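Worksheet: one structure, shown below.
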Amino acid sequence: MSEHGPPARGPGRVVLVATPIGNLTDLSPRAVETLAGADLICCEDTRRTRKLLTHAGITGVRLVTMHEHNEAAMAERAVAEAAAGATVAVVSDAGLPGLSDPGERLVRAAVAAGVEVSVVPGPSAGVAALVASGLASERFCFEGFLPRKGGERAARLAALAAEPRTTVVYEAPHRVARTLHDLQAACGDGRQVAVARELTKLHEEWWRGTLAGAVAWVDARQPRGEWVLVVAGAPAAVPGAAASDDELRAAVADRLAAGADQRGAVAAVAASLGVPRRRAYQAAVELRRGARSPD
């Protein structure tokens with residue numbers, strides 16, 4: 001210590017640290033080093049994070065809870081500490097924070113304040129499921145958790161049905177059966193899907209096949225644990241295989257009955273049957289006219 005007092009702290013930073021999605025031995029040496037050297041760790045659940053820190057032999061680091069309901073307030077506090085020279089680590093219960101977990105708002109606030117943001121990469125359930133799914137992985141979409149109900153859910157399902165890239169969906173055990181049923185209704189029985197449960201854990205389980213088969217498989221069991229659904233992209237249009245008008249009207253009616261709005265139903269049918277959007281729209285118009293016609 002100099003005669004002028006303690007040395008000034010160096011520039012602070014915010015570090016996103018990936019944590020194991022199940023197997024604690026997947027915690028990287030760099031993650032251990034970063035967490036041990038942090039002045040503050042923002043985490044979803046202090047009990048789970050303390051268990052992880054104990055496994056890594058880390059003690060004495062301050063923990064604060066940061067979840068979807070308090071992230072805005074905690075982001076302000078964390079950025080203020082980092083701006084004052086602290087190293088603030090951010091972890092989720094499992095995987096990489098910021099992907100369907102808290103972290104995005106904090107990063108945005110740190111960037112806006114000119115605070116350094118870095119990442120210690122590592123496990124991610126979505127990427128792990130994608131590369132082991134057997135489906136196309138060169139181009140993909142990360143959907144995360146679908147909206148739970150209403151028009152927003154129907155619109156997202158319709159968009160997913162029309163998406164040509166492989167899509168990764170997260171789901172909780174008590175909602176996975178319903179989501180697979182909704183995906184079947186939106187995408188059709190034959191769309192390919194890989195279903196992963198409890199990745200990297202003792203009871204890791206996989207099912208690969210069609211959506212119709214996945215629905216039957218999940219319905220026959222009591223879903224437990226965390227689930228990742230990897231859904232194949234919409235098939236490309238096949239020249240010369242255009243659907244008939246009756247098939248188009250039936251397909252649009254099925255999407256509408258499943259809860260999609262007209263725009264979403266038209267987009268999904270056009271993509272799944274490989275027809276111009278104007279033909280699917282015309283089928284929707286004819287259905288509407290038929291519904292208004294007297295008996």
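Position 1 is the first residue of the sequence, and the numbers go up from there. Bear in mind the structure is a predicted one, so any value in this text is a computation, not a measurement. Only this structure's heavy atoms are used, side chains among them; waters, hydrogens and symmetry mates stay out.
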Between [X] and [Y], is any pair of side-chain heavy atoms under 4.5 Å apart?
{"X": "Glu81", "Y": "Arg62", "result": "yes"}
{"X": "Leu135", "Y": "Gln192", "result": "yes"}
{"X": "Glu205", "Y": "Trp217", "result": "yes"}
{"X": "Leu52", "Y": "Pro20", "result": "yes"}
{"X": "Ile41", "Y": "Val64", "result": "no"}
{"X": "Leu183", "Y": "Leu160", "result": "yes"}
{"X": "Arg165", "Y": "Glu138", "result": "no"}
{"X": "Cys141", "Y": "Val168", "result": "no"}

#### Entry: side chain to side chain contact (heavy atoms under 4.5 Å, CB included) assessment of Arg277 paired with Val266
CA-CA 7 Å; Arg277 189 178 293 239; Val266 166; 3.6 Å; yes
Determine yes or no for a side-chain-to-main-chain donor-acceptor pair under 3.5 angstrom, with [X] supplying the side chain and [Y] the backbone.
{"X": "Arg153", "Y": "Pro147", "answer": "yes"}
{"X": "Thr179", "Y": "Val176", "answer": "no"}
{"X": "Glu204", "Y": "Thr200", "answer": "yes"}
{"X": "Arg191", "Y": "Ala161", "answer": "yes"}
{"X": "Glu198", "Y": "Glu226", "answer": "yes"}
{"X": "Tyr170", "Y": "Gly126", "answer": "yes"}
{"X": "Arg77", "Y": "Ala73", "answer": "no"}

Distance, nearest 0.5 Å, that separates [atom1] of [X] from [atom2] of [Y]:
{"X": "Thr19", "Y": "Asp26", "atom1": "OG1", "atom2": "CG", "result": "10.5 Å"}
{"X": "Leu24", "Y": "His55", "atom1": "CG", "atom2": "NE2", "result": "5.0 Å"}
{"X": "Ser133", "Y": "Phe140", "atom1": "OG", "atom2": "CZ", "result": "10.5 Å"}
{"X": "Arg279", "Y": "Gln282", "atom1": "CZ", "atom2": "CD", "result": "10.0 Å"}
{"X": "Asp93", "Y": "His67", "atom1": "CG", "atom2": "NE2", "result": "11.0 Å"}
{"X": "Asp182", "Y": "Arg175", "atom1": "CG", "atom2": "CZ", "result": "12.0 Å"}

Quick check: is [Y] connected to [X] through a chain of hydrophobic side chains (ILVMFWY, heavy atoms under 4.5 Å apart)?
{"X": "Leu99", "Y": "Leu199", "answer": "yes"}
{"X": "Val228", "Y": "Ile21", "answer": "yes"}
{"X": "Val193", "Y": "Phe145", "answer": "no"}
{"X": "Val32", "Y": "Val15", "answer": "yes"}
{"X": "Leu63", "Y": "Leu40", "answer": "no"}

Between [X] and [Y], what is the shortest heavy-atom contact and its length?
{"X": "Leu256", "Y": "Ala265", "result": "CD2-CB, 3.9 Å"}
{"X": "Ala110", "Y": "Val14", "result": "CB-CG2, 4.1 Å"}
{"X": "Thr65", "Y": "Asn70", "result": "O-ND2, 3.0 Å"}
{"X": "Gln184", "Y": "Asp189", "result": "NE2-OD1, 2.9 Å"}
{"X": "Val252", "Y": "Ala283", "result": "CG2-CB, 4.2 Å"}
{"X": "Gly95", "Y": "Pro97", "result": "O-CD, 3.6 Å"}

Basic-acidic side-chain contact under 4.0 Å: [X], [Y]:
{"X": "Glu71", "Y": "Arg108", "answer": "no"}
{"X": "Glu44", "Y": "Arg48", "answer": "no"}
{"X": "Arg47", "Y": "Asp45", "answer": "yes"}

#### Entry: Check against salt bridge (Lys or Arg N to Asp or Glu O under 4.0 Å), Glu286 and Arg249
CA-CA 8 Å; Glu286 292 169 3; Arg249 283 190 290 270; 2.5 Å; yes
### Task
Share the residues that join Leu202 in a hydrophobic cluster, the rule being Ile, Leu, Val, Met, Phe, Trp or Tyr side chains under 4.5 Å apart at the heavy-atom level.
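For Leu202, no cluster forms, as it stays isolated from other hydrophobic side chains.
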Going by atom types alone, do [X] and [Y] pair a side-chain donor with an acceptor below 3.5 Å?
{"X": "Asp219", "Y": "His181", "result": "yes"}
{"X": "Gln262", "Y": "Arg288", "result": "yes"}
{"X": "Asn23", "Y": "Thr25", "result": "yes"}

I'd like to know whether [atom1] of [X] has more than 12 heavy-atom contacts from other residues, nucleotides or ligands below 6.0 angstrom.
{"X": "Arg148", "atom1": "CZ", "result": "no"}
{"X": "Tyr281", "atom1": "OH", "result": "no"}
{"X": "Lys201", "atom1": "NZ", "result": "yes"}
{"X": "Arg178", "atom1": "CZ", "result": "yes"}
{"X": "Glu116", "atom1": "CD", "result": "yes"}
{"X": "His174", "atom1": "NE2", "result": "yes"}

### Task
Evaluate the criterion side chain to side chain contact (heavy atoms under 4.5 Å, CB included) for residue pair Trp207 and Val218; output intermediate values, then yes/no.
CA-CA 9 Å; Trp207 193 93; Val218 170; over 6 Å; no
### Query
Between Glu163 and Glu143, is a side chain to side chain contact (heavy atoms under 4.5 Å, CB included) present by the stated rule, with each step listed?
CA-CA 11 Å; Glu163 172 57 58; Glu143 177 65 32; over 6 Å; no
### Query
Stepwise, does the salt bridge (Lys or Arg N to Asp or Glu O under 4.0 Å) test hold for Glu152 with Arg156?
CA-CA 6 Å; Glu152 187 181 0; Arg156 294 272 282 275; 3.6 Å; yes
### Task
Report the C-alpha distance between Arg105 and Glu76 in whole Å, list the side-chain angles of each, state the deciding distance to 0.1 Å, and finish with yes or no for salt bridge (Lys or Arg N to Asp or Glu O under 4.0 Å).
CA-CA 9 Å; Arg105 290 180 183 175; Glu76 183 177 349; over 6 Å; no
### Task
Could you please spell out the steps behind the side chain to side chain contact (heavy atoms under 4.5 Å, CB included) verdict for Leu96 and Val119?
CA-CA 9 Å; Leu96 190 62; Val119 180; 4.1 Å; yes
